[in-house]
Amino acid sequence: MPRIKRAVARLLWPTITVASLVIGNWAGHRVARSGILGHHTFEPQPENSATEISAPPRPRAEPVRTDQLTTAAKRLKALSRSSPDLRWDWEALREVDRILAQLSASELASLYDQIEISRGYYEETLASKVGGYWAAKDPDAAIRAALAKSPGNGELLAIQAFKEWSADQPGAALAWLKSAELPDKLDENFRHHVLGSLIERDFSLASSAYLQVKGEEVGKIIQSWGRAYSDDPEMRDKLIDFSKGTGRPEDYANLNTGLMSSWPQDDALGMLNYIRGLKDYLESNAVPAEARPVTDAAAVTAAMEREYTGPALEWWMERYAESPTTPASLQGAVKRWTYKAPDAAIQWLAQQPESLQRDSLNASVTSPLVNTGHYAEAAQSIANIRDPGIQQQAIESLDYIWTRKDPESAAAWRATLSAATPAK
Amino acid sequence: MGLGSWYGFYSEERSIEGAGNRPLSLRFLVRRALAGAPAVAATERLNRLRNHAGHTDLTPKERRECWDIVREFTADQVKDYLAELPNSLRERPANFTLGMMLYFRWAQIDPETAANAAERESFYFQSVMTAWMGKDPDAAIRWAAANHVEVGVMAGRLIAMDDPHAALKRSEAVSPVAAQISLVTLAQQMSISEDSRREFFAMAEEKTGTKEWDVALSAMISTCMARDPINTLNHIDQFGLPPNQSERLREQMVKQMVFDSPEVALTWMQQPDAAVPADQQLAVYSEWAQNYPDQASAWAVKYGRPDFLAKAVEAKAAIAVQNEDDYWLGGLKTQFAAWQQQQPDAAGAWLDKMPSSLREKLIIPTIHATH
């Protein structure tokens, strides 16, 4: 026994030391990932910024050098034919870049015209390179040509050419986009792409350009930033500070949606810390009163998507019990929850005290209940609505959906509407 | 515990900054100590470029600079830098692109070692084979055969490009995949004119009736469609195709056209000769209207198809009643407004039957003036 005790004593301190190192290492990883102690930058930025140019290129009329063009076309065709896979053939691509860098806009236009897109992705690689070089000199002509090049693939070709150009000259590309005439949604696509790539490289330029964007696109851009950088504490904090300072509450709401939807599962500490900060912010006076319902609903929706349904809805009901309407984003989240877990949704609603907001949410759940075959529960949800205006609208909507799904049972239900159904 | 916490914190910070870095290790420090100053400078430059890219890919200019550095690497330098790239290479596009360059460079110097080092199903293996096939395709094909690795896609295309007339025989000796790809490549390359197509049919006569033949013909007609879809569909019977293939290919190409360009497809379908049933046309229109309501409704107005507008509105309304967010309502409003312009009475009568929650969102003030 004394021997065993001595052996244990000898091993005890080394074991404790190793265990401390392992646990400390684990804890250090978690704390760093959460960002709660800030962050240290290891790599300084390179000296050449990607955003020196901020005006769109001005096309110049230059003659076509026929011999040079013919030689270039032959060489590019040969490279394309002899490369096993031009997308990853770095030596061939180096040669392609060397050739294209020497050509004028007119020469690049002529080359682009000669490329047959129909032949496969090797030619698409060439088209995106040629298109990119051309767009750097004459974006209007290059993008127009790309769109017209192939009825089915025109947009894709235009996007590829734009990406090649804008990656190296985002400032010029953004300046061009201000006045470019592009088909519906393509300018959104282009802008989205530039700002998505730029936000980390040049936060100042990207955020200034973002503030000039109008319409629905605004929300989509900042949401995509949130999704892209949810795992990066430094970028996260920068984006949060920026979005809170724009004077537009929907910016932080949309950023939050993006962040929450892709927050890494292994960063529970960071997420809890973030949610605490989010709650404090929403409960402060930072958000103007008229914007609070939509902002709060967006936050609750994001929390529900991450399975914090109970606490999020509880918080919502504390603040909005007497509101007769539910913002569309939260309606959508409640519907999705009902599709996924109809019993849980019904039970939760049944537990809520009577209120206008309970009425509004009851109206929201009827369509998913009907679509999942829970007809009796859908009817009961309607019966549980106290406000006559909300109930009437809900009856009309449910009647429309139910009749399309099962006319007989819908008719039977309509017949019962005049009889009072005992309600909670 | 403090030391462990510091190390964990420091390692995590390194791994999440920019495009990520591996934790410091003794091996890393020894490698750096043994490398010469130029090698260290090159490595540092690559690290700065990829960390500046962070979550995004390298720009074309950065890719050129990276390749200019990597193409001077020795095999040992390649291996050393691969050891520095973070483990989860696919999470950061810049790391992935650099990985592709490094394996390509490695294959330029020692293709067999590089091929054995790269994971078989990975893109890095593709990069190795791209370099090897470009340098010595016969050696690459022999190695692939000896190691039971399929390289038919690259080999088939290269053989077809190199020697069209002997391509089918040569590619059959490599693998069935190579044979298929050679056939497809030839079909695409020779699709351009009636004479070249005739030449292709003669070359590949022995393949007639096989599955490979069907695939090659589809590729040929796809290539023609990419050039001029309407003309191809209208004159496919005159393409010199073997008997019984025209109708099969026409149906396939209509589906492809619907996917690539619903506007072109629907416009073609309005031709009486197209003989596409009304319900199929409506299905194409509805799908298009869902994603591009402005373009679709403008087309329907231009081509006098208020019936499409009406049907699309009815289908969308059923969804919009259940989902009241802007995504569903936006498209519905556009389609309804166009329908209302074309057929105000019918649109108004339909609207009157809708739930009040939807009516309120679709009612346009001028309606009140007319009712």
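Throughout, a chain's letter reflects where its sequence line sits, starting with A, and its residues are numbered from 1. Worth saying up front: this structure is predicted, and the values here are computed from it rather than measured.
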**Complete:** Applying a strict 4.5 Å limit to non-hydrogen atoms, the region of A/Glu91 in contact with chain B is both

**Asked** Do A/Thr366 and A/Ser397 have side chains that get closer than 4.5 Å, going by heavy atoms?
**Response** no

**Asked** With no hydrogens and no angle check, is any side-chain donor or acceptor of B/Asn51 less than 3.5 Å from a backbone partner on B/Asn47?
**Response** yes

**Asked** Under a 4.5 Å heavy-atom cut-off, does chain A meet the side chain of B/Ala155, its backbone, both or neither?
**Response** neither

**Prompt:** Considering only heavy atoms, which portion of A/Asn371 lies under 4.5 Å from any heavy atom of chain B: side chain, backbone, both, or neither?
**Reply:** side chain

**Prompt:** Is a side-chain donor or acceptor of A/Ser83 paired with a backbone partner of A/Ser80 at a separation under 3.5 angstrom?
**Reply:** no

**Prompt:** Is any side-chain heavy atom of A/Leu157 closer than 4.5 Å to a side-chain heavy atom of A/Gln160?
**Reply:** yes

**chain A contacts, top residue of B/Lys353, B/Met129, B/Met354 (heavy-atom pairs, under 4.5 Å)** = B/Met354

**Request:** Could you check whether the rings of B/Tyr124 and B/Phe96 sit parallel, tilted or perpendicular, using 30° and 60° as the cut-offs?
**Result:** tilted

**Message:** Does any backbone or side-chain atom of B/Ile230 lie under 4.5 Å from a heavy atom of chain A? Answer side chain, backbone, both or neither.
**Reply:** neither

**Asked** Side chain, backbone, both or neither: which part of B/Asp162 has a non-hydrogen atom closer than 4.5 Å to chain A?
**Response** neither

**Item:** B/Asp68/A/Arg98 salt bridge by N-O under 4.0 Å criterion
**Value:** no

**Prompt:** Any side-chain donor-acceptor pair under 3.5 Å between B/Arg227 and B/Ser191?
**Reply:** yes

**Request:** Using a cut-off of under 4.5 Å on heavy-atom pairs, state which of B/Met101, B/Arg63, B/Met133 scores highest against chain A.
**Result:** B/Met101

**Message:** I'd like to verify something: which residue of B/Asp228, B/Val264, B/Thr56, B/Thr130 has the highest number of heavy-atom pairs under 4.5 Å with chain A?
**Reply:** B/Thr130

**Complete:** The reported gap from SG in B/Cys224 to CE in B/Met253 (rounded to nearest 0.5 angstrom) is 9.5 Å

**Asked** Under a 4.5 Å heavy-atom cutoff, which of A/Trp165, A/Trp90, A/Tyr229, A/Tyr400 has the most pairs with chain B?
**Response** A/Trp90

**Fill in**
When the 4.5 angstrom heavy-atom criterion is applied to A/Asp89 and chain B, the contacting part is both

**Request:** Give a yes or no on whether a salt bridge exists between A/Glu95 and B/Arg71, defined as a side-chain N under 4.0 angstrom from a carboxylate O.
**Result:** no

**Item:** Check: A/Thr326 main-chain N/O paired with A/Gln331 side-chain donor or acceptor under 3.5 Å
**Value:** yes

**Item:** Toward chain A, the part of B/Ala317 with a non-hydrogen atom under 4.5 Å
**Value:** both

**Asked** chain A heavy atoms under 4.5 Å from B/Thr185: which part of the residue, side chain, backbone, both or neither?
**Response** neither

**chain A contact via B/Gln256 - which portion, at a heavy-atom distance below 4.5 Å** = neither

**Message:** Heavy-atom cut-off 4.5 Å, strictly under: side chain, backbone, both or neither for A/Ser150 against chain B?
**Reply:** both

**Message:** Is B/Ala318 close to chain A through its backbone or its side chain, or both, or neither, when contacts mean heavy atoms under 4.5 Å?
**Reply:** both

**Item:** Between B/Ala160, B/Ala53, B/Gly134, the one whose heavy-atom pairs under 4.5 Å with chain A are most numerous
**Value:** B/Ala53

**Asked** For B/Met257, does its backbone N or O pair with a side-chain atom of B/Ser261 as donor and acceptor, under 3.5 Å?
**Response** no

**Request:** Heavy atoms only, distances under 4.5 angstrom: which of A/Ile23, A/Val370, A/Asp231 has the most pairs with chain B? Name it, please.
**Result:** A/Asp231

